[in-house]
Amino acid sequence: MPPRVRFAPSPTGFLHVGGLRTALYNWVVARQGDGSFVLRIEDTDEARNREDWVTGIDESLRWFGLDWDERHRQSERTELYASAADELTAAGLTYWCDCTRDEVDARAKARGGPPGYDGHCRDLGKAAGPSAALRFRTPDSGTTSFVDVVRGEPAFPNDAIEDFVLVRSNGKVLFVLANVVDDLDMRITHLIRAEEHLPTTPKYLLLWDALGGGPPPVFAHVPVIVNEKRQKLSKRRDRVALESFRDEGYLPEVMLNFLALIGWSPPDGRERFALEEMVAEFRLEDVGRSPGFFDVAKLRAFNGDTIRAMTTEAFVERAQPWLSGPLAPWPPETYDPEVFAAVAPLVQERVAVLSEVPAMVGFLLVPELTVDDGDWEKAVKPAGVVALLDQVTERWADTAWVHDPPTAEPLKDTLFAIGDEVGLNRKRAQAPVRVAVTGRAVGPPLFESLVVLGRERTLERLRAARARL
RNA sequence: GGCCUGUUCGUCUAGGGGCCUAGGACACCGCCCUCUCACGGCGGCAACACGGGUUCGAAUCCCGUACAGGCUACCA
């Protein structure tokens, strides 16, 4: 039987790192067995239901290439949930309760026991009303257990499961019920979700049975992704928005590869693999059990490796949003494809994320150069710099600038010869020139850059810099 | 408080009784290369939470403790 899995995010703003990995594992399982990946937006809570948040989930998944076979929204399926609630009520498994939160808490405090609902209205025969919620009558004894592919066989004593709410007093169902109804209706075969859902699984199973579900789906509770303090990643305190990683220039295939690794690794232990390889090798049984830290430093390293491994054409293409697109620090007309193409290979091996590209080549494109004061001060500190600047300006004016093919040797030889004359080693000799012409102490190889920049602009910037001394 | 889950280098992990004097990757440190920054090469630091068992033998199996996390909503 082909697997039918579902990714069921609630629209809380954007898809985040943890959600993406859950989606990935689900998607992979679906793609392995000619199965179906069902995207189900869990928007039963109106406070979390905003249209742009919903489309944000779609966009993210598309960007990562995780295509879905079906897409549903729980807000469009409310009749189904209502009839399921009726069915449970007809079977005598529910009751109405109009206790307020305060009352429940007060009673819990009074009896000195643990917080939680005490079954107060269980046999009071209360009627439905504007302030009444429908609760599910849970068993008082016995144990609910299930097989979990990654955790073994967790067991939960039934007496610890309170009579939980199925339908709010405003008529809206809660996600537990909606979940079971949908999974039943959509014939979901595997429930691959985050570990945080483990404790609610007994409720799920109780409802599954009460609705005549038959054999339950296969469960796989994957470990959560945590921050450096080992807490579950949270939208408010941690950086988890996929959009922010995208805008910074992380590649989608790298993020997928990296995220897959938190909790799973291929049989041969290698760390780099493509999505297709993961589809071929992934097994839920191999997913680890302990939470993993989302280490951005390692992500960066992966991203840089991948950038370096691609063809220069691909690199140029993929850097466009930051050069000529919406993420560029200059207007579109500032970008000159030919200029960038000339230095692209040099830039490619120097950036870890695509957003770093503009700063590397800005000096070749912008009309007005901004010079970093700190870098300049440091570069002109050694004695001999003034003489060097004067001489190099003069001699480069007489040096042939060979553009076709680009030839850096003459410029290089001249500068270092002057350096020898004034007593500056190569490192110190190139520094003032680099800062004067590129504005920064770091960047692509200097002489190759100057050939691209051209004689006039180079000399102009050297004279401007000299004038500041 | 209760219930549940987890625990191998700083981090992600390999490991499923002897192949482990515990391997890889990222990070970090050193050296080499070098016009800066990177890349690359070489080398280094660094872990089986603790305590009991079981066994000829335990990172691997069992129990306990500690610590961490999750859940305990008329959120998902």
Side-chain angles (χ1 to χ4, degrees), chain A residues 8-12 42-45 47-48 74 97-101 104 108 112-117 131-135 148 151-152 154-157 159-162 164-176 178-179 193-202 221 223-224 226 228-232 258 261-272 288-295 297-302 304-305 308 346-352 360 375 379 408 412 415-416 419 425-431 433-435 438 440-448:
Chain A
S10 70
T12 54
E42 307 230 327
D43 55 357
T44 54
D45 181 16
R48 297 182 166 206
Q74 290 191 328
C97 165
D98 60 359
C99 297
T100 64
R101 184 66 203 267
V104 172
Y117 186 66
S131 62
L134 189 67
R135 284 184 185 271
D148 186 300
R151 315 234 157 224
F156 297 79
D159 60 4
I161 308 170
E162 63 176 28
F164 55 94
V165 172
L166 296 174
V167 184
R168 300 181 179 89
S169 49
N170 68 5
K172 304 280 183 191
V173 297
L174 265 91
F175 87 101
V176 211
N179 256 230
R193 38 147 54 163
E195 181 187 3
E196 65 202 80
H197 293 280
L198 199 50
T200 66
T201 305
H221 286 96
V224 292
V226 298
E228 61 286 345
K229 289 163 70 183
R230 304 246 119 220
Q231 297 164 313
K232 184 176 79 169
F258 179 70
L261 240 21
I262 303 181
W264 179 78
S265 64
D268 66 1
R270 72 187 190 286
E271 295 201 309
R272 321 311 289 285
R289 291 163 305 280
S290 47
F293 171 55
F294 184 72
D295 186 2
K298 186 161 180 173
L299 209 213
R300 258 185 79 84
F302 270 45
D305 286 347
R308 266 172 256 120
L346 303 176
V347 175
Q348 186 175 357
E349 62 176 46
R350 287 174 169 73
V351 297
M360 281 280 178
D375 285 352
K412 181 180 181 177
L415 176 69
F416 291 147
N425 64 24
R426 297 186 157 203
K427 182 170 178 162
R428 288 177 148 189
Q430 61 89 37
V433 176
R434 176 184 294 279
V435 181
T438 73
R440 308 201 305 166
V442 303
L446 182 60
F447 308 105
E448 287 80 350

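In the text below, chain A, chain B and the rest are named by the order of the sequence lines, each starting its count at 1. As the structure is a prediction and not an experimental result, all values here were calculated from the model.
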Please measure how far the [atom1] atom in [N] lies from the corresponding atom in [M], and state the result in whole Å.
{"N": "B:rC61", "M": "B:rG16", "atom1": "P", "answer": "11 Å"}
{"N": "B:rA27", "M": "B:rG40", "atom1": "P", "answer": "9 Å"}
{"N": "B:rU36", "M": "B:rC31", "atom1": "P", "answer": "15 Å"}
{"N": "B:rG17", "M": "B:rG53", "atom1": "P", "answer": "23 Å"}
{"N": "B:rA49", "M": "B:rU60", "atom1": "P", "answer": "8 Å"}
{"N": "B:rG10", "M": "B:rU5", "atom1": "C1'", "answer": "24 Å"}
{"N": "B:rC4", "M": "B:rC63", "atom1": "P", "answer": "14 Å"}
{"N": "B:rA38", "M": "B:rG18", "atom1": "C1'", "answer": "46 Å"}

Donor-acceptor pair present, [X] side chain and [N] base, under 3.5 Å:
{"X": "A:Arg350", "N": "B:rU36", "value": "yes"}
{"X": "A:Ser169", "N": "B:rC74", "value": "yes"}
{"X": "A:Glu195", "N": "B:rG69", "value": "no"}
{"X": "A:Lys298", "N": "B:rA27", "value": "no"}
{"X": "A:Glu162", "N": "B:rC3", "value": "no"}

Does [X] put a side-chain nitrogen or oxygen below 4.0 Å from OP1 or OP2 of [N]?
{"X": "A:Arg168", "N": "B:rA76", "value": "yes"}
{"X": "A:Lys172", "N": "B:rC75", "value": "no"}
{"X": "A:Arg440", "N": "B:rU36", "value": "no"}
{"X": "A:Thr438", "N": "B:rU36", "value": "no"}
{"X": "A:Ser265", "N": "B:rU13", "value": "no"}

Please tell me which of A:Gly263 and A:Gly116 maps to the more 5' nucleotide of RNA chain B, matching each residue to the nucleotide holding its nearest heavy atom. A:Gly263
Return whichever of A:Pro266 or A:Ala155 has its heavy-atom-nearest nucleotide of RNA chain B closer to the 5' end. A:Ala155
I'd like to know if the side chain of A:Arg151 reaches the main chain of A:His221, judged simply by a donor and an acceptor atom lying under 3.5 Å from each other, with no hydrogens or angles considered. yes
If I take atom CG from residue A:Asp43 and atom CZ from residue A:Phe175, how far apart are they, to the nearest 0.5 angstrom? 14.0 Å
So CG of A:Leu415 and CZ of A:Phe447: to nearest 0.5 Å the spacing works out to 4.5 Å
Going by distance alone, is a donor N or O of one side chain under 3.5 Å from an acceptor N or O of the other, for A:Thr201 and A:Arg193? yes
Could you check whether [X] gets within reach of a base, just the sugar-phosphate, or nothing at all, counting any heavy atom under 4.0 Å?
{"X": "A:Gly443", "result": "base"}
{"X": "A:Leu446", "result": "base"}
{"X": "A:Arg428", "result": "nothing"}
{"X": "A:Gln348", "result": "nothing"}
{"X": "A:Pro9", "result": "nothing"}
{"X": "A:Phe175", "result": "base"}
{"X": "A:His221", "result": "nothing"}
{"X": "A:Ser131", "result": "base"}
{"X": "A:Pro154", "result": "sugar-phosphate"}
{"X": "A:Phe164", "result": "nothing"}
{"X": "A:Thr100", "result": "nothing"}
{"X": "A:Arg230", "result": "sugar-phosphate"}

Choosing from [options], which nucleotide comes nearest the side chain of [X]?
{"X": "A:Thr44", "options": "B:rA76, B:rC71, B:rC35", "value": "B:rA76"}
{"X": "A:Ala301", "options": "B:rG6, B:rU5, B:rA27", "value": "B:rA27"}
{"X": "A:Ser10", "options": "B:rA76, B:rC12, B:rC35", "value": "B:rA76"}
{"X": "A:Ser290", "options": "B:rC3, B:rC37, B:rU7", "value": "B:rU7"}
{"X": "A:Arg101", "options": "B:rG10, B:rG40, B:rC74", "value": "B:rC74"}
{"X": "A:Leu174", "options": "B:rA73, B:rC37, B:rA25", "value": "B:rA73"}
{"X": "A:Phe416", "options": "B:rC74, B:rU5, B:rC35", "value": "B:rC35"}

Whom does [N] pair with, Watson-Crick or G-U wobble, provided both distances fall under 3.5 Å?
{"N": "B:rG17", "answer": "none"}
{"N": "B:rU7", "answer": "B:rA66"}
{"N": "B:rG43", "answer": "B:rC29"}
{"N": "B:rG1", "answer": "B:rU72"}
{"N": "B:rA22", "answer": "none"}
{"N": "B:rU36", "answer": "none"}

With side chains defined as the heavy atoms from C-beta onward, is the minimum distance between A:Leu261 and A:Phe302 less than 4.5 Å? yes
Could you give the [atom1]-to-[atom2] distance, from [X] to [N], as a whole number of Å?
{"X": "A:Phe294", "N": "B:rU13", "atom1": "CZ", "atom2": "P", "value": "13 Å"}
{"X": "A:Arg434", "N": "B:rU34", "atom1": "CZ", "atom2": "P", "value": "16 Å"}
{"X": "A:Phe156", "N": "B:rG2", "atom1": "CZ", "atom2": "P", "value": "17 Å"}

